[in-house]
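Throughout, numbering of the chain's residues begins at 1 and tracks the sequence. Just follow the structure's listing: the first ligand is 1, and inside any ligand the first atom is 1. Computed from a predicted structure; not experimentally measured.
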Amino acid sequence: MRIIADENMALVHHFFGHLGQLECVSGRHLHPEQVRDADILLVRSVTTVNKALLDQSRVRFVGSATIGADHLDMQWLNEQGITVSTAPGCNARSVVDYVLTALIHLANQYQFDLTQRVLGIVGLGNVGYLLAKTAQQMGLRVLGCDPLVTRTDIEQLPLNELLEQADIVSLHTPLTKTGTYPTYHLLNAQNLQNLKKQSILINTGRGAAIDNRALLDFLTHRPNYLQAVVLDVWEHEPLPNADLMPLTTIATPHIAGYSLEGKWQGTAFIYQALCQFLQREPQYRLADFLPPNRQLQSIQETGQLWPDLHQVLAQVYPIVNDDTALRQTLGLIDSERALAFDQLRKHYWQRRDLTAYDASHTLYSSKLQTMLVAMGLKTA
Ligand SMILES: NC(=O)c1ccc[n+]([C@@H]2O[C@H](COP(=O)([O-])OP(=O)(O)OC[C@H]3O[C@@H](n4cnc5c(N)ncnc54)[C@H](O)[C@@H]3O)[C@@H](O)[C@H]2O)c1
Ligand SMILES: O=C(O)[C@H](O)[C@H](O)COP(=O)(O)O
């Protein structure tokens, strides 16, 4: 059995090596000839899997170690009887850590009390709902917008009302171009105007959920209207708009879900699905590979919650380093800049989920401890 896998899939040899002849390739540049004699295809979000790629191949199982599925032509794959598995929720915790770390970074930078801000979440699925519950536990008021699900414990509003009322708008929808509620350019030249003055806009869903050109125009013509813009995902990756990036406050190369747990769970998820498809007993579980939890260190507390929390989180995820690395690519010519975007993703550092940290032996004030527990940290 021949298995073709994206070379950037974490632990791919560990999990899949025993199932067949495994060949790792560049997912971004995968050609039909490379998959012609393959039985199994394992991808990440950068490979478009459709008729053009698989028409001549004998692939009968496609696994994508991702939450998002907009790179898979599900209708065509279903029509061909090809089994498809994605990894729902695999890196939801990682994305929530990213959003909260970004917000705590901004609360420290602009000296505001995050718990006094209203968080508006667009898309209440695995990521959005986990973010909502975590933020509520931290003391924020949460509004949600999701025409496809009802969450009884979250106040849900139509999109325009949410944009008008929320101090922070965070996008967590899939990218869809069809259906009753398409998300392509969900935020656009018309409704960006509805965002509240001095609000914060965050996108960790898919780049094209925001019309990036419209956002660029909006930020250019109303320079101080928003307090901050945080973009992890961009239209036309791997080449983000070079004029838009300088107008953002935090800019990262689509790595919100790139914690070690997020990536490894994605692989483990499709390994289980493939074993089931092949009717083989799985030989490995994620727990066989996960490194031990880490211990958080004490800090010199100032007594001010947000600067103190920011100090603690700097041990887990110094988000500003990811931002700096991406901004450094701005001087490059386009072809090199696109390569650099992918290289930053390929060689991403080993970030752990906050839930992999233990503070049971660390002396923090109870205010700080309460916030960290709400964010999933282990304590005694
Ligand atoms: N930046 C990253 O690294 C990263 C990591 C993980 C996921 N993602 C992206 O985030 C998306 C969301 O992840 P998830 O696990 O929560 O997915 P999910 O499928 O569990 O939830 C998506 C939610 O969006 C809702 N939705 C769909 N159309 C909508 C619309 N027009 N308006 C409002 N809500 C709408 C759905 O009803 C669903 O509840 C993924 O599809 C993926 O594209 C990005
Ligand atoms: O959809 C997802 O799970 C995320 O966007 C994921 O982190 C994308 O990473 P990639 O597959 O591009 O490596």
Please say whether Asn126 places an N or O atom under 3.5 Å from an N or O atom belonging to ligand 1. yes
Glu164: salt bridge (Lys or Arg N to Asp or Glu O under 4.0 Å) partners, not counting sequence neighbours: none
Heavy-atom proximity to atom 5 (C) of ligand 1, picking from Val95, Thr183, Thr173, points to Val95
Pick from Leu159, Leu186, Leu148, Asp146: the one approaching atom 38 (C) of ligand 1 most closely through a non-hydrogen atom: Asp146
Starting from the N and O atoms of ligand 2, collect every protein N/O partner closer than 3.5 Å and put each pair on its own line with the distance to 0.1 Å.
residue: ligand 2; atom: 1 (O); partner: Ile67; partner atom: N; Å: 3.4
residue: ligand 2; atom: 1 (O); partner: Gly68; partner atom: N; Å: 2.7
residue: ligand 2; atom: 1 (O); partner: Arg206; partner atom: NH2; Å: 2.8
residue: ligand 2; atom: 3 (O); partner: Ile67; partner atom: N; Å: 2.6
residue: ligand 2; atom: 3 (O); partner: Asn91; partner atom: ND2; Å: 3.0
residue: ligand 2; atom: 5 (O); partner: Arg206; partner atom: NH1; Å: 2.9
residue: ligand 2; atom: 5 (O); partner: Arg206; partner atom: NH2; Å: 3.4
residue: ligand 2; atom: 5 (O); partner: His254; partner atom: NE2; Å: 2.7
residue: ligand 2; atom: 9 (O); partner: Arg44; partner atom: NH2; Å: 3.4
residue: ligand 2; atom: 9 (O); partner: Arg345; partner atom: NH2; Å: 3.2
residue: ligand 2; atom: 11 (O); partner: Arg44; partner atom: NE; Å: 3.1
residue: ligand 2; atom: 11 (O); partner: Arg44; partner atom: NH2; Å: 3.4
residue: ligand 2; atom: 11 (O); partner: Ser45; partner atom: N; Å: 2.7
residue: ligand 2; atom: 11 (O); partner: Ser45; partner atom: OG; Å: 3.4
residue: ligand 2; atom: 12 (O); partner: Ser45; partner atom: OG; Å: 2.4
residue: ligand 2; atom: 12 (O); partner: Arg345; partner atom: NH1; Å: 3.0
residue: ligand 2; atom: 12 (O); partner: Arg345; partner atom: NH2; Å: 2.9
residue: ligand 2; atom: 13 (O); partner: Arg44; partner atom: NE; Å: 2.6
residue: ligand 2; atom: 13 (O); partner: Arg44; partner atom: NH2; Å: 3.3
residue: ligand 2; atom: 13 (O); partner: Tyr258; partner atom: OH; Å: 2.4

Give the atoms of ligand 1, by number and element, whose distance to some non-hydrogen atom of Arg206 is under 4.0 Å. 8 (N), 9 (C), 42 (C), 43 (O), 44 (C)
Shortest protein heavy-atom distance from atom 32 (N) of ligand 1, along with the residue and atom involved: Pro147 CD, 3.4 Å
For the residue pair Phe277 and Phe61, categorise the inter-ring angle as parallel (less than 30°), tilted (30 to 60°) or perpendicular (more than 60°). tilted
In chain order, what residues pass the salt bridge (Lys or Arg N to Asp or Glu O under 4.0 Å) check against Arg222, with sequence neighbours excluded? none
Atoms in ligand 1 flagged as close to Thr204, the criterion being non-hydrogen separation under 4.0 Å: 1 (N), 2 (C), 4 (C), 8 (N), 9 (C), 44 (C)
Atom 16 (O) of ligand 1: any protein heavy atom closer than 4.0 Å: yes
Parallel, tilted or perpendicular, as decided by the 30° and 60° cut-offs, for the rings of Phe15 and Tyr271: tilted
Atom 24 (O) of ligand 1: closest protein heavy atom, distance to 0.1 Å, is Pro174 CD, 3.4 Å
Are any of the heavy atoms in Leu175 under 4.0 Å away from ligand 1? no
Looking at residues at least two apart in the chain, or sitting in another chain, which of them share a salt bridge (Lys or Arg N to Asp or Glu O under 4.0 Å) with Arg44? none
Distance (rounded to the nearest 0.5 Å) between Leu19 CG and Cys275 SG: 5.0 Å
For ligand 1 and Gly89, I'd like to know whether there is a polar contact (N/O to N/O, distance under 3.5 Å). no
If you measure every N/O of Val127 against every N/O of ligand 1, is any gap under 3.5 Å? yes
Looking only at distances, please establish whether an N/O atom of ligand 1 is found under 3.5 Å from an N/O atom of Asp232. yes
